[in-house]
Amino acid sequence: MSEVKAPAARRQKQAIGEGPLTRAALLGVALVFLGLMLIAPLLVVFVEAFSRGFGVYIDALAMPDTMSALQLTLLVAAIAVPANLVFGVAAAWAIAKFDFKGKSFLLTLIDLPFAVSPVVSGLVFVLLFGANSALGPVLDDMGIKILFAVPGIVIATIFITFPFIARELIPLMQQQGSSEEEAAVSLGAGGWRTFFLVTLPNVKWGLLYGVLLCNARAMGEFGAVSVVSGHIRGMTNTLPLHIEILYNDNKAAAAFAVASLLAMLALITLAVKTLLEARFAGSLAAQRRH
Amino acid sequence: MQVRAENISKNYASMAALDDVSLTVQSGELVALLGPSGSGKTTLLRTIAGLETPDSGVVYFNDRDAAESRIQDRGVGFVFQHYALFKHMRVMDNIAFGLRARRKNKPKEADIKNKVMELLDLVQLSGLEKRFPSQLSGGQRQRVALARALAIEPSVLLLDEPFGALDARVRKDLRRWLREIHERTGHTTLFVTHDQEEALELADRVVVMSKGKIEQSATPDEIYDTPATPFVFSFIGESSVIPVVVGNGRATLDERLIDLQVGNLPDGPAQLFLRPEDVAMVTDGGPGIPGLVVSTRRIGGNRRVTMECGLARHRIEFDAPAEVPIANSQRLQVRIIGGRVYGAGEEGYETEKLAASATSDFKWAKAEGWLDR
């Protein structure tokens, strides 16, 4: 018996799993890919940003145009993210908890911004609100400026980032079903109470991921915003557009300095997410187990 | 509170989930809705709760049309098969949910706390009020769900397969315990189950459903002893079916007379439904139906014998005392001392007949020695 057991214990083979060589190879491929595609570009941004010294870096950031671009980017995100939070939650709630005609059509519509190229999305708004459109003259008469102004940028950003929150929530809500809501309602809770006390706590992590992704994209969106903004320096330039302008002006170091700012915003977002996850690991695990 | 459902119909896509169903539950009664999956029992329960809207028909609570009030105001305690506890709330907050949600006569927080403790005591979970649902076992979760439903002092308690997700031992304990709670609190209670044992043991009255219709509504004894339809007969307990011929008010099998009342069935083919206790082995050499034993298995103090009889080799099952030696391929004579005859057109509960007849043919051939030649 012991003769059979000893080698078995030494080379305990997992039922599911590959040999050590295969494992190392797979891991290696993943790490090389990760390094080439994610880490190296991120490092290049910071290396290039400081290539002309710290002074140039600070100057690039302190430029009035950079400051106004940063302000505009934060403003746009501050409008687009809450708007999509409301839209996304409403859409996910409707799709996951109710049956109605045209549900799959609505789902497809939500995916539209993912499917359409951002440049095309931008052009759509130019055609919709432009001087040659039906709406254009009407808006002009009313003194409302949408294109080549902040409202246009906000609208384009909302359009592009619309799916993030809804897409994150729909599968989660569908998987959870509606029996908890039914229980709440049968216990006498009204619609809002049910939503805030039962539905929302159940999806808060998905919602947080959605908001973070939505925010990252809102701050980073280039294509659609580029079409509708008009690139007016200090007026309608967001950070990504500002970076492009600097780069095209042969100010590579400055461009990378601003880019590092954007990258920092993204890194902070990820850090916040990780921190929150660690902080609430217990309640997260409890929910998953259930 | 009396609950009355009148002429409820509900269709899903093209399938009828409920087909003109009427049901009354008297105040304080404990009623089981029993049926196979897809029989419409859960739909009926959810319709009464207000979680489904019927295509036609009315649900009355006492004499009030329930559709006039919102679900929130119906005062229905609903218990779900998978508990539907609020995962992010502690046990005590789960139970207090309904009390805190009240708009009118919202009790003081101290009173709520007392009530929660009282209910925890009732469901025998005192000391667990600070736990989260994920820290409880399945049986405990379901008891919390029941306490939560009872907290609102419901006018009617509705339970959807309350023990369906639990293992057999826990299920048995909770069954007895639910009966006790019902006796203590006296709530009008309606519960759905596909487990006949649960229905027969727990309920004052059992309502058997099939294909969106009620087959029979009667006491457990009546359901077992005088099943109204072949479906009820075959769904409840063990049963065998053999085709017989009715003529002159009597049933015959292969021209052998069977001593059974056939009621006023018309002459012609009919079906004889038998429970194991309706068949007795002939040991005194008297007349009987000859058959061939195909298998035996031990059930408690008895031996369950499966025998093929008649020219068409129909399978019947009966019990014999364990001490009587019976071997496979043995020839026996049996006498039919009970059972019910139903018309040939009436449908029983579909079991896997095809598979049974295939193995039966094989075994018969083997017993006769065909395979050895």
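So that the names make sense, note that chain A is the first sequence line, chain B the second, and so on, each numbered from 1. In what follows, every heavy atom counts, from backbone to side chain, and hydrogens, waters and symmetry copies are set aside.
Counting heavy-atom neighbours within 6.0 Å of Met117(B) CE, excluding the residue itself, gives a total above 12. For Lys97(A), the NZ atom is densely surrounded, since the number of other residues' heavy atoms within 6.0 Å is greater than 12. Other residues, nucleotides and ligands contribute only 12 or fewer heavy atoms inside 6.0 Å of the CZ atom of Phe33(A). Heavy-atom neighbours of Phe222(A) CZ from other residues, nucleotides or ligands within 6.0 Å: above the threshold of 12.
For residues 49-79 of chain B, a heavy-atom distance under 4.5 Å to chain A picks out Leu51(B), Ile71(B), Gln72(B), Val76(B), Phe78(B), given by residue number. Taking 4.5 Å as the heavy-atom cut-off, the residues of residues 151-164 of chain B that approach chain A are Ile152(B), ordered by number. Of residues 100-116 of chain B, those residues lying under 4.5 Å from chain A by any heavy-atom pair are Arg100(B), Ala101(B), Arg103(B). For residues 182-197 of chain A, heavy-atom neighbours of chain B at less than 4.5 Å comprise Glu182(A), Ala183(A), Ala184(A), Val185(A), Ser186(A), Leu187(A), Gly188(A), Ala189(A), Gly190(A), Gly191(A), Arg193(A), Leu197(A), sorted by residue number.
Of the atoms belonging to Phe86(B), heavy atoms from both backbone and side chain fall under 4.5 Å from chain A.
Asn202(A) approaches His88(B) most closely through the heavy-atom pair OD1-ND1, 3.8 Å.
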